[in-house]
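For reference, the structure is listed below as structure tokens.
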Protein chains: 2
Amino acid sequence: MTKSSRAEPKSEAAFPRRGHDHHRCVADALSQAERLCAQRGARLTEIRKQVLELVWESHAPIGAYQILEKLAESGKRPAPIAVYRALDFLMEQGLVHRLASRNAFLGCGHPDTNHQAQFLICDSCGSVAELADTRIVDAIADRAGRSGFAVAGHVVEIQGTCPDCRKAAHAG
Amino acid sequence: MTKSSRAEPKSEAAFPRRGHDHHRCVADALSQAERLCAQRGARLTEIRKQVLELVWESHAPIGAYQILEKLAESGKRPAPIAVYRALDFLMEQGLVHRLASRNAFLGCGHPDTNHQAQFLICDSCGSVAELADTRIVDAIADRAGRSGFAVAGHVVEIQGTCPDCRKAAHAG
DNA sequence: GGTCATTTTGTTACACTATAACATGACGTG
DNA sequence: CACGTCATGTTATAGTGTAACAAAATGACC
């Protein structure tokens, strides 16, 4: 688990700030994906890149068939399975996560490090914060260990209200 | 959070023992459901009871359409929505849980207490252990709090290999 | 360049999961 | 027994995901 070099801020920045330059996020994510795939000898083909881009362009997690619709808008309408194949590849490469509780996908914020992520999902605006929380992972590992259970992976998706929506609710 | 009166064993019994009297489990779950619904003024109608029984009879989590098939075997084939309605009721009453990562349902082991459960799911045999682990819940609450996120609920589903299947793998 | 194995994509069809909308029936209360 | 409410039936459809096989692209090697 390599840690980012910068220190954690007091109020941990889990959610992206509203009004940030999201085009930059998308561009960064794509170039990082190109780099990682090149390093690994994995082929980031056209449709895979397009799907990754569409996943990132969406602020909220996006469904496979929504991706399909967006592809159709740009001229081609692949079969559903083409989208799922691309998503499978992207998930194998750790570039995309799937939210089991939503049947939806979102770009991974740190695809360079191998990780088990957890998610905070806002019921109000649909935005998602990706976590890599040691205490949660440790608590899971500990409890599983005490039950003699060998952990292979986990789904941790926390529903609730994000800070911005809480403020909005109080103001309203 | 009322706790069971018996103490926790050294190796915490999360998974049901193989070869236990499962008919007894089913019967107990049904009578407890009857009692709870009567207390609450909720109507445990025939189809709801049947669905609950089928969920409990299955050792592993069971899909809605599998329930439908089993109902069909006993003479009637309701529309899918009838099964989903029954499951919705049972979930509202805390008698049944849904596993988001499997699109499947299982009987709740302690429907009398209001709780957020976590699950250990064996990839090998499909058996599931239901947890109510304080440390996991605390870690989630803590992390969410630091992000300014108000938790409404969570999905915690841990995949891996259960103790019995680990032993079997080592033996084979 | 040509051949081959491998990977990726296309095509078609289908399986599985879940809900909408409206009609009918059961149930308890006054 | 009339009424409102809750539960179920009926029909149709939306949404999510995969199987199976054919065709095409790619890269390594001769």
Side-chain angles (χ1 to χ4, degrees), chain A residues 33-34 37-55 58 60-72 74-93 95-106 126 155 157, chain B residues 33-34 37-55 58 60-72 74-93 95-106 126 155 157:
Chain A
E34 301 254 27
C37 286
Q39 276 174 19
R40 298 170 183 167
R43 284 158 62 186
L44 188 60
T45 60
E46 194 52 33
I47 190 170
R48 290 168 176 175
K49 203 185 315 187
Q50 287 177 334
V51 169
L52 181 60
E53 186 171 9
L54 290 171
V55 166
S58 168
I62 185 172
Y65 279 73
Q66 289 177 274
I67 294 170
L68 193 56
E69 279 311 307
K70 294 197 179 241
L71 286 172
S74 47
K76 41 207 132 194
R77 177 180 291 274
I81 194 163
V83 174
Y84 283 103
R85 282 171 180 159
L87 288 168
D88 284 345
F89 169 86
L90 295 168
M91 285 192 288
E92 273 169 22
Q93 296 299 321
L95 298 166
V96 159
H97 290 292
R98 179 173 185 274
L99 296 184
S101 64
R102 301 273 173 128
N103 297 326
F105 302 83
L106 79 162
V155 172
E157 299 174 13
Chain B
E34 301 255 26
C37 286
Q39 278 175 17
R40 297 170 183 166
R43 286 159 59 188
L44 188 60
T45 60
E46 193 53 33
I47 189 169
R48 290 168 176 175
K49 204 187 313 185
Q50 286 177 334
V51 168
L52 180 61
E53 185 171 8
L54 289 171
V55 166
S58 168
I62 185 173
Y65 280 72
Q66 289 177 272
I67 294 170
L68 192 55
E69 280 311 306
K70 292 192 181 248
L71 286 171
S74 47
K76 39 208 135 191
R77 176 179 291 274
I81 195 162
V83 174
Y84 282 103
R85 281 170 180 157
L87 288 167
D88 284 345
F89 169 86
L90 295 169
M91 285 191 289
E92 274 168 22
Q93 296 298 323
L95 298 167
V96 159
H97 290 292
R98 178 174 185 272
L99 296 184
S101 64
R102 301 275 175 125
N103 299 325
F105 302 84
L106 79 163
V155 172
E157 299 175 13

Can you confirm whether A/V155 sits close enough to B/V155 that some side-chain heavy atom of one is under 4.5 Å from a side-chain heavy atom of the other? yes
Outer limits of DNA chain C sitting under 4.0 Å from a non-hydrogen atom of chain B, read 5' to 3', are C/dT17 to C/dC27
A/L87 CG to D/dT18 C1', straight-line distance once rounded to whole Å: 14 Å
Check: A/M91 and A/R98 side chains under 4.5 Å, non-hydrogen atoms: yes
Side chains of B/V51 and B/F105 in contact at under 4.5 Å (non-hydrogen atoms): no
Residues of residues 74-81 of chain B with a heavy atom under 4.0 Å from any atom of DNA chain C, listed by number, are B/I81
Using 0.5 Å steps for rounding, measure from the OG atom of B/S58 to the CD atom of B/E53. 12.5 Å
Using OP1 and OP2 only, check whether a side-chain N or O of A/Y84 sits under 4.0 Å from D/dG17. yes
OP1 or OP2 of D/dG17 versus the side-chain N and O atoms of A/N103: is any pair under 4.0 Å? yes
Classify the nucleic acid contact of B/R102 as base, sugar-phosphate or nothing, counting any heavy atom under 4.0 Å across all strands shown. nothing
How close do A/A100 and B/S101 get, heavy atom to heavy atom, and via which atoms? CB-CA, 4.1 Å
Measure the shortest side-chain to side-chain distance between A/V55 and A/L87 over non-hydrogen atoms and say whether it is less than 4.5 angstrom. yes
Taking the side chain as every heavy atom from C-beta outward, state whether A/L54 and A/Q66 have any pair of such atoms under 4.5 Å apart. no
Less than 4.5 Å apart, any side-chain heavy atom of A/R102 and any of A/P61? no
B/E69/B/R77 under salt bridge (charged side-chain N to carboxylate O under 4.0 Å, His left out): CA gap, chis, key distance, verdict: CA-CA 8 Å; B/E69 280 311 306; B/R77 176 179 291 274; 3.2 Å; yes
What's the spacing between B/I62 CD1 and B/L99 CG if we round to 0.5 Å? 12.5 Å
Close residues, residues 40-51 of chain B, relative to DNA chain D [heavy-atom separation under 4.0 Å]: B/R43, B/T45, B/I47, B/R48
Result for 5'-nearest mapping on DNA chain D, choosing between B/A86 and A/R85, is B/A86
CG of A/D88 versus P of D/dT16: gap in Å, rounded? 16 Å
Residue that, paired with A/E34, satisfies salt bridge (charged side-chain N to carboxylate O under 4.0 Å, His left out) out of A/R48, A/K49, A/R43, A/R40: A/K49
Length of the CD-C1' vector between A/E69 and D/dA14, whole Å: 13 Å
